[in-house]
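If you're wondering where the values come from, they're calculated on a predicted model, not measured in any experiment. The residues of the chain are indexed from 1 along the displayed sequence.
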Amino acid sequence: SSSSSSNGLHGSLVGVLEADALDKRQWVREVQRLAVQLQQSSTHWLTKTRQLESRLDAAVRAARAYSLHCRAQAQQADYHRQCLVEELYALVFRHRAGVFSKFDLLDALCACLLQQCS
């Protein structure tokens with residue numbers, strides 16, 4: 001009877017150990033599956049982050065280039081405006097000095113404006 005109870009205990013112990021080993025294998029498989037999932041997710045988000053950084057860099061370069069273009073355009077417009085003002089002052093001065101009649105002054109002003117606008 002003690003032999004049969006020993007076999008029963010041994011059988012129960014073997015069953016527990018087998019269940020424990022099966023449980024460990026399931027946990028190992030689950031951890032492996034989650035590790036693969038984590039790697040895939042990390043790769044996905046790393047790729048997305050790099051794409052976003054690339055787009056952001058391109059947008060910053062475009063904004064800087066546009067800013068420089070606008071600054072150059074503004075400087076050019078300021079230069080043309082200054083030239084126009086100087087030309088207009090010269091025309092008015094000539095008119096006041098009697099070099100131009102009012103008609104000649106108006107004609108010269110129109111020519112000056114047309115030249116600056118083209």
List the atom pairs, donor and acceptor, that lie under 3.5 Å between side-chain atoms in residues 27-44 and the rest of the protein, sequence neighbours left out.
unit_1: Glu30; atom_1: OE1; unit_2: Arg33; atom_2: NE; d: 3.3
unit_1: Glu30; atom_1: OE2; unit_2: Arg33; atom_2: NH2; d: 2.6
unit_1: Gln39; atom_1: NE2; unit_2: Thr43; atom_2: OG1; d: 3.3
unit_1: Ser42; atom_1: OG; unit_2: Leu38; atom_2: O; d: 2.9
unit_1: Thr43; atom_1: OG1; unit_2: Gln39; atom_2: O; d: 2.9

Just distance, no hydrogens or angles: give the donor-acceptor pairs under 3.5 Å from side chains in residues 49-57, sequence neighbours left out.
unit_1: Thr49; atom_1: OG1; unit_2: Trp45; atom_2: O; d: 2.7

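- For the pairing with Asp78, the side-chain hydrogen bond (donor to acceptor under 3.5 Å, both in side chains) check across Gln75, Arg81, Gln82, Gln76 returns one residue only, Arg81.
- For Asp107, there are no side-chain hydrogen bond (donor to acceptor under 3.5 Å, both in side chains) partners at least two apart in sequence or on another chain.
- Taking CZ of Arg71 as the reference point, atom OH of Tyr66 lies at 12.5 Å (rounded to 0.5 Å).
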